[in-house]
There are 2 protein chains.
Amino acid sequence: MATPTTAVDPQPTGLRERKKQRTRGALVDAANRLFLEQGYGKTTVDEIAAAVEVSQRTFFRYFANKEEVALAVLADAEETFLELLRARPADEYPLEAMRRAARQVWQLLDQGRVAERGTVAGALELFELIESTPTLLAAHLRHTLQQEVEVTRVLAEREGLDPAVDLRPRLLAAVFGTVIRLSHLTFATEREPHRQGVDGMLELMERHFDQLGPALAGSWR
Amino acid sequence: MATPTTAVDPQPTGLRERKKQRTRGALVDAANRLFLEQGYGKTTVDEIAAAVEVSQRTFFRYFANKEEVALAVLADAEETFLELLRARPADEYPLEAMRRAARQVWQLLDQGRVAERGTVAGALELFELIESTPTLLAAHLRHTLQQEVEVTRVLAEREGLDPAVDLRPRLLAAVFGTVIRLSHLTFATEREPHRQGVDGMLELMERHFDQLGPALAGSWR
DNA sequence: CCCATTATGTCAGTAGCTGACAATCGACAA
DNA sequence: TTGTCGATTGTCAGCTACTGACATAATGGG
């Protein structure tokens, strides 16, 4: 007897809230389109706001800065990763759990089920944009760092450790983030067609992880 | 405090060049002082320029942006690291060479012989400033990334590998950078007095490196 | 001592971002 | 249905980082 309009509300979504989400989504879409069309630097916030017919001031009420709107999709994917990692069975080894969660994110993305706005092709374009835009790259790296802190928390909890005492969770989170970044970078740079889809990305990640041990080995001969 | 001791001139510099270096150094000093006194965000470029009695426009001819002047000292240290790494004997294992070069940087810094402007205490303050200033942190991370590219080049050359084919140089450079960053972070956060000097930093780095293997091991139990 | 080069200053302008206040819109209950 | 309250938005004014263009001053070479 609670809700008059809808029987089941997964999220108690008022009309107001829905409108906000629509505006936010429109801003992300417009921004992405403009950034890819004419470049990040040559796109002004005014332009983005105008494309959605809101004031510049409103834009800054949704996003703290210009970088944030460009990285919004990525932020959703990272959120998904955290949820998947938390859901991994407790008896998996830490690194294994992370690798599998990462695989899952890409598979979900391939099915268009991540945050309703991401695609694999879009990810590729986004990575290219980020890597070729210094200020975006900087913001992205900082964001990645924050993600590492979250991952550290999850790992420590999984294993029942205090991350302030035991260095391993933080180290693994950091190294993992690094490997993922390198995979993304190679993915975005990679021009060979047989590696363009999700499978290409997944294979690339595996290759990087497999080289981690050898890279840290004493001798490379 | 910052001692303006410019003693040795390796390159026969003209009067003009020397003057430029003096201005640049003065800008770095003034900026550092102001940033530490009142914070990065509350210090304007105008203020820094005024403190050295140059115009704002001149400031931007020396530094591409406000972040750069804050990270200038760090950039010198990283340059030193590269030189030391290149000078390591060719038969050292890659990771060993990097660990030793890193040790050397800190020892030189402790002797006040890095870029005439760095001290260990100053490094600690700088790290705190960076970690507590989002925009500085972002710039720092991007800069670190560039350093990783250079390191990759050096490693690949040492071992006679093509970094475009073999993933190991880049992976090792990245993981190394990550471990160094975590050490710095802990160093800046660490409040226990017995770890404040160079020895504290060196011990911290060793501890992080020693945990790298265990962190990547399958099980943590 | 003069000339070519190069560092510096001045000025005007763009763009990101913020605080303050007023207008407007949606939620909810009388 | 309507009136009130709180949240969202627009407008405006302002600060700061940063850049291009042009004028001026300093320097090093001949």
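Each chain gets a letter, A, B and so on, in the order its sequence line appears, and its residues count up from 1.
A salt bridge links A:R153 to A:E150: one of the charged nitrogens lies within less than 4.0 Å of a carboxylate oxygen. Checked for salt-bridge contact, A:R181 and A:E131 meet the test: a charged N lies under 4.0 Å from a carboxylate O.
Between the side chains of B:R99 and B:Q104, not a single donor N or O lies within less than 3.5 Å of an accepting N or O.
Qualifying salt bridge (Lys or Arg N to Asp or Glu O under 4.0 Å) partners for A:D110, counting only residues two or more places apart in sequence or in other chains: none. By the side chain to side chain contact (heavy atoms under 4.5 Å, CB included) test, B:E157 is found to be paired with no residue, residues two or more places apart in sequence or in another chain being considered.
The main-chain N or O of A:T44 is found under 3.5 Å from a side-chain atom of A:E47 such that the two form a donor-acceptor pair. Between the A:S132 side chain and the A:L129 main chain, a donor and an acceptor come within less than 3.5 Å of each other. Side-chain N or O atoms of A:T58 include none that pairs as donor or acceptor with a backbone N or O of A:V54 at under 3.5 Å. The backbone N or O of B:L136 lies less than 3.5 Å from no partner atom in the side chain of B:K66, so there is not a single donor-acceptor pair.
Put simply, B:T58 has no side-chain N or O that comes within less than 4.0 Å of OP1 or OP2 on C:dT8. Distances shorter than 4.0 Å separate none of the side-chain N or O atoms of B:Y62 from OP1 or OP2 on C:dA7. For C:dA7, one of the phosphate oxygens OP1 or OP2 lies less than 4.0 angstrom from a side-chain nitrogen or oxygen of B:K20.
If you check residues 30-49 of chain A against DNA chain C, the residues with a heavy atom closer than 4.0 Å are A:T43, A:T44, A:V45, listed by number.
Between the P atom of C:dG16 and the CG atom of A:L136 lies a distance of 12 Å, rounded to the nearest Å. Atom pair B:F60:CZ and C:dG9:C1' shows a separation of 15 Å (rounding to whole Å applied).
Atom CD of A:E53 has 12 or fewer heavy atoms from other residues, nucleotides or ligands within 6.0 Å.
Taking 4.0 Å as the cutoff to heavy atoms of chain B, we find the contact window on DNA chain D bounded by D:dT16 to D:dG28.
Residues B:S55 and A:K66 each lie close to DNA chain C; by heavy-atom proximity, the contact nearer the 5' end of the strand is made by B:S55.
Sorted by first then second residue, the ring-ring contact (aromatic ring centres under 6.0 Å, His included) pairs that include residues 163-184 of chain B, not counting sequence neighbours, are B:F81-B:F176, B:W106-B:H184, B:F127-B:H184, B:F176-B:F209.
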Checklist entry - Reading nucleotides 19-30 of chain C 5' to 3', which nucleotides get B (base under 4.0 Å from a protein heavy atom), which S (sugar-phosphate only), which -? => result BB----BBS---
